[in-house]
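Nothing here was measured: the structure is a model prediction, and the numbers come from that model.
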Amino acid sequence: MENIIKIVITGSAGKIGSSIAFRIAAGELYGSEQKIDLHLLETSKGMEALKGIVIELEDSAFPLLNKIVATDVNDIAFTDADIALLIGSPPRKKGMERGDLLEENAAIFREQGKSINKCAKKSVKVVVVGNPANTNAFITYNNAKGINPKQFTALMRLDHNRAVSQLALKTNSRIEDINGVIVWGNHSSTQYPDLRFATIKDQLAYSILDNNWVKHTYIKKWLIVVLKF
């Protein structure tokens, strides 16, 4: 039988979810020879918008796209899943920190974790994108006890990229010259960009940075941007 990889995308009618669906269908995840099935999960309210995404995917006639499953039922979406991209989550409203979303998100990711445990392959790889990503990943794998916790990942790449880009601007460096920047903490005001191990062109960042700038400008500016979006 032909090897077909089943990929679940939650929040698939949203901007991020739909964009990723097209890039995966074009072969940007597994290459130009790997056939895939896309399992697109949405809320009941989002199903009408998802129909439009499905039509656009079908009209694109991607040769690697074997089948599309569009549903608002967790168990259907996660059936035999090889990869699960948990992108959908309630948006953060004005005045809310990411931590304030915890209660609403907990119910969503709890049920998705149960469904992954029940329906997905035991080898499934899960990437949690919906904020607060770390906590949502923790909730998900705690409700998927039959899946190895090492197969769960929380995506904090955006916050890491912001930390690197601000450092590059300050030092008039290229992004590729910067290594070793670490972001600690959950997606909220507890986050901290750690430059202790950062290097710029193989030189320790702290050796060329003003410590006062790091404490009172860099971290403060980075945190404002993180909490704004």
Using side-chain heavy atoms (C-beta onward) and a distance below 4.5 Å, is [X] in contact with [Y]?
X: Asp194; Y: Val183; value: no
X: Gln112; Y: Leu86; value: yes
X: Leu155; Y: Val128; value: no
X: Thr153; Y: Val126; value: no
X: Ile36; Y: Asn66; value: no
X: Thr140; Y: Ile116; value: yes
X: Asn211; Y: Lys215; value: yes

Given the rule in the side-chain contact (heavy atoms from CB on, under 4.5 Å) test, do Ile139 and Asn105 qualify, once you have shown the distances and angles that lead to the verdict? CA-CA 9 Å; Ile139 293 169; Asn105 275 283; 5.9 Å; no
Under 3.5 Å donor-acceptor, [X] side chain and [Y] backbone:
X: His39; Y: Val8; value: no
X: Lys35; Y: Glu33; value: no
X: Lys122; Y: Asn117; value: yes
X: Thr71; Y: Ile76; value: no
X: Thr10; Y: Gly88; value: yes
X: Ser60; Y: Phe62; value: no
X: Ser12; Y: Leu41; value: yes
X: Gln151; Y: Val124; value: yes
X: Tyr218; Y: Ala163; value: yes

After noting the C-alpha distance and the side-chain angles of Leu209 and Leu167, does the key distance pass the side-chain contact (heavy atoms from CB on, under 4.5 Å) rule? CA-CA 9 Å; Leu209 291 173; Leu167 188 57; 3.6 Å; yes
State which residues pass side-chain hydrogen bond (donor to acceptor under 3.5 Å, both in side chains) with [X]; sequence neighbours excluded, sorted by chain then number.
X: Thr135; result: Asn186
X: Asn161; result: Arg157
X: Lys145; result: Asn142

Looking only at heavy atoms, what is the nearest atom pair of [X] and [Y], with distance?
X: Gly46; Y: Ala13; answer: O-CB, 4.0 Å
X: Ala21; Y: Leu38; answer: O-CD1, 3.8 Å
X: Ala154; Y: Ala133; answer: CB-O, 3.6 Å
X: Ile7; Y: Tyr30; answer: CD1-CE1, 4.0 Å
X: Ala70; Y: Val54; answer: CB-CG2, 3.8 Å

What residues, two or more places apart in sequence or in another chain, satisfy side-chain contact (heavy atoms from CB on, under 4.5 Å) together with Asp202?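 None.
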Cluster link [X] to [Y], ILVMFWY, side chain under 4.5 Å:
X: Trp213; Y: Tyr206; answer: yes
X: Ile16; Y: Leu85; answer: yes
X: Val127; Y: Leu29; answer: yes
X: Ile24; Y: Val69; answer: no

Nearest 0.5 Å please: distance from the CD atom of Glu42 over to the CD1 atom of Ile9.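 If I round to the nearest 0.5 Å, the distance is 11.0 Å.
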How long is the straight-line distance from CE of Met47 back to CD1 of Ile53, given to the nearest 0.5 Å?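 Between atom CD1 of Ile53 and atom CE of Met47 there are 12.0 Å.
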Starting from the C-alpha separation in whole Å, work towards a yes-or-no answer on side-chain contact (heavy atoms from CB on, under 4.5 Å) for Asn3 and Gln34. CA-CA 8 Å; Asn3 177 36; Gln34 177 62 57; 3.7 Å; yes
Write out all pairs satisfying salt bridge (Lys or Arg N to Asp or Glu O under 4.0 Å) with one or both partners inside [range], taking only residues at least two apart or from two chains.
range: residues 62-83; result: Asp75-Lys118, Asp82-Lys121
range: residues 14-27; result: Arg23-Glu28
range: residues 51-63; result: Glu48-Lys51

Hydrophobic cluster (4.5 angstrom, side-chain heavy atoms) - remaining members for [X]:
X: Leu64; value: none
X: Leu204; value: none
X: Ile55; value: none

Kindly determine whether Tyr192 and Trp184 satisfy ring-ring contact (aromatic ring centres under 6.0 Å, His included), including the steps that lead there. CA-CA 5 Å; Tyr192 180 79; Trp184 302 101; 9.1 Å; no
Kindly determine whether Ile83 and Lys6 satisfy side-chain contact (heavy atoms from CB on, under 4.5 Å), including the steps that lead there. CA-CA 6 Å; Ile83 300 292; Lys6 295 179 172 60; over 6 Å; no
Selection residues 112-168 - residue pairs positive for ring-ring contact (aromatic ring centres under 6.0 Å, His included), sequence neighbours left out: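 ring-ring contact (aromatic ring centres under 6.0 Å, His included) check on residues 112-168 returns Phe138-Tyr141, Tyr141-Phe152.
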For atom CD1 of Ile5, decide whether the heavy atoms of other residues, nucleotides or ligands shown that lie under 6.0 angstrom number more than 12.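 Enclosed: over 12 neighbouring heavy atoms sit under 6.0 Å from CD1 of Ile5.
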Could you list the donor-acceptor pairs under 3.5 angstrom formed by side chains in residues 172-181, with sequence neighbours left out?
unit_1	atom_1	unit_2	atom_2	d
Ser173	OG	Thr171	O	3.3
Ser173	OG	Thr171	OG1	2.7
Arg174	NE	Asp177	OD2	3.3

